[in-house]
Amino acid sequence: QVQLVESGGGLVQAGDSLRLSCAVSGRDISTYSMAWFRQTPGKGREFVAFISWSGGSTYYDESVKGRFTITRDNGKNTVTLQMTSLNSEDTAVYYCAAATTVTMPVTWSGMEYWGKGTQVTVSS
């Protein structure tokens, strides 16, 4: 059983940075591609970032490209989302997800395991 636990969320001001982490247990993370999603009451759930199992490929939603960076440390079984230049539209619950096989475009239903999320609130 794969378990994903997100951490690092909180309340920040517009323009600040925040670093989210996803700790994976139960399986060797090196066989999984990983992604971050976020959900807000108004927009629903949306894709944020993806990283392949090797870390060699990354993809971002246009809304975060250039501001967010997804990385992984297979040795530590963790995935990180570094977020910079945050604005109020980034306010959401952020979820980590994993899958052994991912087809494009990356979708929530296309992943196999999901965490319970961490709240990010950006005040203006």
Side-chain angles (χ1 to χ4, degrees):
Q1 182 72 14
V2 177
Q3 292 188 329
L4 288 71
V5 178
E6 302 92 339
S7 63
L11 173 63
V12 297
Q13 293 188 341
D16 284 353
S17 299
L18 202 59
R19 184 183 181 94
L20 304 183
S21 293
C22 174
V24 182
S25 61
R27 294 283 177 85
D28 182 356
I29 191 179
S30 65
T31 61
Y32 289 87
S33 292
M34 305 294 296
W36 286 93
F37 296 82
R38 64 188 180 186
Q39 185 168 17
T40 62
K43 292 185 178 180
R45 189 180 295 121
E46 60 180 8
F47 165 75
V48 176
F50 164 89
I51 187 166
S52 61
W53 63 271
S54 67
S57 296
T58 57
Y59 301 100
Y60 299 90
D61 182 77
E62 285 297 323
S63 65
V64 307
K65 194 174 293 184
R67 299 188 299 122
F68 291 11
T69 303
I70 186 172
T71 57
R72 64 188 298 154
D73 186 335
N74 288 345
K76 295 182 178 179
N77 257 29
T78 59
V79 177
T80 299
L81 184 68
Q82 178 68 48
M83 306 185 294
T84 64
S85 301
L86 287 162
N87 58 63
S88 59
E89 294 193 348
D90 295 317
T91 295
V93 178
Y94 283 73
Y95 298 90
C96 177
T100 52
T101 303
V102 177
T103 57
M104 298 298 156
V106 181
T107 62
W108 178 267
S109 61
M111 307 303 285
E112 298 176 46
Y113 303 98
W114 304 267
K116 295 183 178 181
T118 184
Q119 175 72 47
V120 172
T121 303
V122 184
S123 67
S124 54

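The shown structure was predicted, so the numbers you read here are calculated from the model rather than taken from an experiment.
- Shown here are the side chain to side chain donor-acceptor pair (under 3.5 Å) partners of Thr71, two or more places apart in sequence or in another chain: there are none.
- A salt bridge (charged side-chain N to carboxylate O under 4.0 Å, His left out) check over residues 3-24, counting only residues at least two apart or in different chains, returns nothing.
- For Glu46, the salt bridge (Lys or Arg N to Asp or Glu O under 4.0 Å) test picks out Arg38, with sequence neighbours left out.
- Legend: residues meeting side-chain contact (heavy atoms from CB on, under 4.5 Å) with Ser88, ordered by chain and number and at least two apart, are absent.
- Screening residues 68-77 for salt bridge (charged side-chain N to carboxylate O under 4.0 Å, His left out), with sequence neighbours left out, gives no hits.
- Between Tyr32 and Ala98, the shortest heavy-atom distance links the atoms CD2-CB, 4.0 Å.
- Scanning for side chain to side chain donor-acceptor pair (under 3.5 Å) contacts around Glu62 gives Lys65, with sequence neighbours left out.
- Two residues are said to be in side-chain contact when any heavy atoms from C-beta on lie closer than 4.5 Å; Gln119 and Leu11 fail this criterion.
- Every side-chain contact (heavy atoms from CB on, under 4.5 Å) that Ser85 has, sequence neighbours left out, goes to Arg67.
- Residues meeting the side-chain contact (heavy atoms from CB on, under 4.5 Å) test with Val5, sequence neighbours left out: none.
- Annotation: ring-ring contact (aromatic ring centres under 6.0 Å, His included) contacts involving residues 59-90, sequence neighbours excluded, comprise Phe50-Tyr59.
- Scored by the side-chain contact (heavy atoms from CB on, under 4.5 Å) test, Ser25 finds Gln3 as partners (sequence neighbours excluded).
- A disulfide (SG to SG under 2.5 Å) check over residues 22-109, counting only residues at least two apart or in different chains, returns the pairs Cys22-Cys96.
- Remark: Tyr95 pairs with Trp108 by the ring-ring contact (aromatic ring centres under 6.0 Å, His included) rule, at least two apart or across chains.
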